[in-house]
Amino acid sequence: MTLPLVTPLPNIAFFDSGQGGFTVWEAIRMRLPSLNTQYLGDNARYPYGNKGEQTVTRYSSEAAYFFSALGAGLIVVACGTASSVAVQSLQRVFRIPVVGIVEGFCEDAASVLRGSEKNRSEGKVALLGTRFTVSSGRFERELKTRGVGEGSVWARACPLFVPLVEEALVPGPLADAACELYLSDMPADVDVVMLACTHFPRLEASIGKFLGQKFGRPVVARRIDGDVVVHAGGEGAPLYLLESSRGIWKAVDAFLAEQTPSVRENYFQNETRVYCTDAPARFTEVARVFTSLPVGEVQEVTLGV
Ligand code: DGL
């Protein structure tokens, strides 16, 4: 492992296999612009979504170890794949609190179903993620503990969505074709679509258009700061598109609220540090697809031994 020469100020650290986690990082930074943050994209080993459990767990431990040496107060696993498998073991091994996207996201989905006209146990969820996330069954288990009925989750792995976003081909005809490929057999009675890969929020417009036209229903995307209509056509109950940052926001907010005022103040010095594990120039170019906030100079680091 190589560490940066300068130790950062107290911070909240985010990691992903690549740049998708910037969708979560950006949502938090929009809310708290001067929060000190670190972001690590393990792009040398991206994608995680087609790898196996032991490999994803090892990569995630190495990222957490990296941040534990760099003043992180809270580690955010801003990757659906790593969150599906590694967070519980990281929570056992590291003294720093670690939060993944699964619990808060499932809570958010359950709360939308609670607010819908249907009884929560009748509500239907469509889960879109990487191959690994979908095959792990982790979201289904977590939804079940929140009363979402067994058999009410339609899950689909959408691996091609990831490179389409990274290649800035979204929205566009290829993104429309990928929606057709993956979503044509989604049941019509779905209430909530969970974008369980942190790359997927950038496909919101394409997914919203496809599903809005397919089902003739309005499609609404939930945000931290209020809902946005993605597809206005059609009648009937809206179909909600959910991304994971609302759950993470709650965890970040709770972490900061637990700090004494003087410690909390140290987290707000407007320091941003971004690291990747390969080709920083290309990493920075792709980062622009995911966030309009400046990422500064991206430092290349190595993880593991
Ligand atoms: N951002 C990752 C996730 O949320 C997807 C990319 C990958 O396969 O590594 O699962």
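Both ligands and their constituent atoms are indexed starting at 1 by order of listing.
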*Quick one: does Leu211's side chain get under 4.5 Å of Val190's, heavy atoms only?*
no
*Do the side-chain N and O atoms of Glu166 and His199 include a donor-acceptor pair separated by under 3.5 angstrom?*
yes
Review item, side-chain donor-acceptor pairs of residues 12-25, under 3.5 Å, at least two apart:
{"residue": "Asp16", "atom": "OD2", "partner": "Gly18", "partner atom": "N", "Å": "3.2"}
{"residue": "Asp16", "atom": "OD2", "partner": "Gly20", "partner atom": "N", "Å": "2.9"}
{"residue": "Asp16", "atom": "OD2", "partner": "Gly21", "partner atom": "N", "Å": "3.1"}
{"residue": "Gln19", "atom": "NE2", "partner": "Phe283", "partner atom": "O", "Å": "3.2"}
{"residue": "Thr23", "atom": "OG1", "partner": "Gly20", "partner atom": "O", "Å": "2.7"}
{"residue": "Thr23", "atom": "OG1", "partner": "Thr198", "partner atom": "O", "Å": "2.8"}
{"residue": "Trp25", "atom": "NE1", "partner": "Thr37", "partner atom": "OG1", "Å": "3.0"}

*Just let me know how Asp16 lines up against ligand 1, side chain, backbone, both or neither, with a heavy-atom cut-off below 4.0 Å.*
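It is the side chain that gets close, since no backbone atom is under 4.0 Å.
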*asked:* One residue to check: Thr130. Relative to ligand 1, which of side chain, backbone, both or neither has a non-hydrogen atom less than 4.0 Å away?
replied: side chain
*Aromatic ring pairing Phe200/Phe161, orientation class (parallel under 30°, perpendicular over 60°, tilted between)*: perpendicular
Would you say [X] and ligand 1 have an N/O pair spaced under 3.5 Å apart?
X      : result
Tyr48  : yes
Gly80  : yes
Thr133 : no

Looking at [atom], what's its closest protein heavy atom, distance included?
atom                    : result
atom 8 (O) of ligand 1  : Gly49 N, 2.8 Å
atom 5 (C) of ligand 1  : Cys197 SG, 3.3 Å
atom 6 (C) of ligand 1  : Ser17 OG, 3.5 Å
atom 10 (O) of ligand 1 : Thr81 OG1, 2.6 Å

*asked:* Does Lys144 have more than 12 heavy atoms from other residues, nucleotides or ligands lying within 6.0 Å of its NZ?
replied: no
*Residue Tyr182 excluded, over 12 heavy atoms near OH under 6.0 Å*: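 Yes, because the 6.0 Å sphere around OH of Tyr182 holds more than 12 heavy atoms from other groups.
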_Can you list everything that forms a side-chain hydrogen bond (donor to acceptor under 3.5 Å, both in side chains) with Glu142? Sequence neighbours excluded, please._
Arg138, Arg146
